[in-house]
Protein chains: 2
Amino acid sequence: MTESEEERFALANDLRLACQRIARRVRFESTSQVAPHQFSVLAHLHHGGAQTPGQLAALDRVSAPSMTRTVNCLEADGLVARVPHPGDGRQVLVELTAAGLAIITRTIASRDTWMAAHLEGLDDDQLSLLRKAADLLLEVSNG
Amino acid sequence: MTESEEERFALANDLRLACQRIARRVRFESTSQVAPHQFSVLAHLHHGGAQTPGQLAALDRVSAPSMTRTVNCLEADGLVARVPHPGDGRQVLVELTAAGLAIITRTIASRDTWMAAHLEGLDDDQLSLLRKAADLLLEVSNG
DNA sequence: TATTGTTATACTCTATAACTATA
DNA sequence: TATAGTTATAGAGTATAACAATA
């Protein structure tokens, strides 16, 4: 392994560790009204619009029956609604209700508030550094 | 809200999102032999050394009986061992075995490999930018 | 016949309450 | 009496297999 490869692995380790820690802290921060697996579905719908149970199950690496159950709970709580699929009678679309959207919005805000609070002590140079890093990391996480 | 505050919140949002995405991708990447909640215990022991079941339960925001069960499974699999607490007969110390350490090491390596692979396309300027950002984020995640 | 989604059943993880051992 | 840990019991989530409806 060359020196630059070692440096890249060290950077990979630190970046991964930092991201995992922040994700963990952020997750514990927002004591949302819904369970994590339920919130995950709301987040997917918020991000990608109405989707079928099958798509949602694939996104969360979960079985179809599990997703059926989760969607049932969310529907009973009025956070999502099932609507007929326009082109295929076998499929169903799950969409976010206003109440579901409100929970998503509130949770995201509380998580961002935590993150913003932890950026308070940084100076302008550090903030602009993180600004560029955030853009890079968003690209990396999409790749 | 001032303009700089808005920028800080926008940065907070992007950083949080990127960290969550990377943490998620990394988690799905390593199909470890042990379940996530079990791996979490191994990671805590790897990071902080031998600890009591009570400490481990607090770290994972989990009840004491749940941690008892998880430690039982890990002990049955030979990944951790219970040893008497030196100073207090009521307490027990959970420590990593060689087999447990091996799983941790292998999983960390596979996660870092994923992260490193996703840094491949970046040039030296971008890598040194992320190097500084990683240090900042590690500080932030400890705060 | 293939596919989407749902029900049936069993297993695992977690929590609260009760119990045991030590301080 | 207080604390650390473990058992007992019940509730919630998930998976595999079987079923219903549509393509």
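Letters A, B, ... mirror the listed sequences (proteins, then strands); counts begin at 1. If you're wondering where the values come from, they're calculated on a predicted model, not measured in any experiment. We use all heavy atoms of the structure for the numbers below, so side chains are in, but hydrogens, waters and symmetry mates are not.
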Could you tell me which non-hydrogen atom of B/Cys19 sits nearest to which non-hydrogen atom of A/Ala23, and how far apart they are?
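Scanning both residues, the minimum pair turns out to be O-CB, 4.1 Å.
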Nearest heavy atoms of A/Leu59 and B/Arg24, plus distance in Å
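Nearest heavy atoms, A/Leu59 then B/Arg24: O-NH2, 2.7 Å.
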Show me the donor-acceptor pairs within less than 3.5 Å that the side chains of residues 5-13 of chain B make with the rest of the protein, sequence neighbours left out.
from	atom 1	to	atom 2	distance (Å)
B/Glu5	OE1	B/Thr2	N	3.2
B/Arg8	NH1	A/Ala116	O	2.7
B/Asn13	ND2	A/Asp112	OD2	2.6

With respect to the side chain of A/Ser63, which nucleotide from D/dT14, C/dT14, C/dT6 is positioned closest?
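Minimum distance to the A/Ser63 side chain belongs to D/dT14.
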Roughly how far, to the nearest 0.5 Å, is the OG1 atom of B/Thr107 from the CZ atom of B/Arg27?
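Here the rounded value is 14.0 Å.
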Judged by modelled atom types alone, do B/Gln91 and B/Asp88 share a side-chain donor-acceptor pair under 3.5 Å?
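Yes.
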Using distance alone, with no hydrogens and no angle criterion, decide if A/Ser66 and A/Ser63 have a side-chain donor and acceptor under 3.5 Å apart.
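On atom types as modelled, these side chains qualify, holding a pair under 3.5 Å.
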Applying salt bridge (charged side-chain N to carboxylate O under 4.0 Å, His left out) as the test, list every pair that has at least one member in residues 41-51 of chain A; sequence neighbours left out.
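Checked against salt bridge (charged side-chain N to carboxylate O under 4.0 Å, His left out) - neighbours excluded - no pair reaches residues 41-51 of chain A.
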Can you list, by residue number, the residues of [range] that have a non-hydrogen atom closer than 4.0 angstrom to DNA chain D?
range: residues 51-60 of chain B; value: B/Thr52, B/Pro53, B/Gly54
range: residues 82-95 of chain B; value: B/Arg82, B/Arg90, B/Gln91, B/Val92
range: residues 65-79 of chain A; value: A/Pro65, A/Ser66, A/Arg69, A/Thr70

Hey, could you give me each pair passing side chain to side chain donor-acceptor pair (under 3.5 Å) that has a residue in residues 113-126 of chain B? Not counting sequence neighbours.
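Qualifying pairs, neighbours excluded: none.
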SB check A/Arg111 A/Glu29 (cutoff 4.0 Å)
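No salt bridge links A/Arg111 with A/Glu29.
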Is it the case that atom NE2 in A/His85 sees more than 12 heavy atoms from other parts of the structure closer than 6.0 Å?
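Yes, NE2 of A/His85 has more than 12 neighbouring heavy atoms, counting only those of other groups under 6.0 Å.
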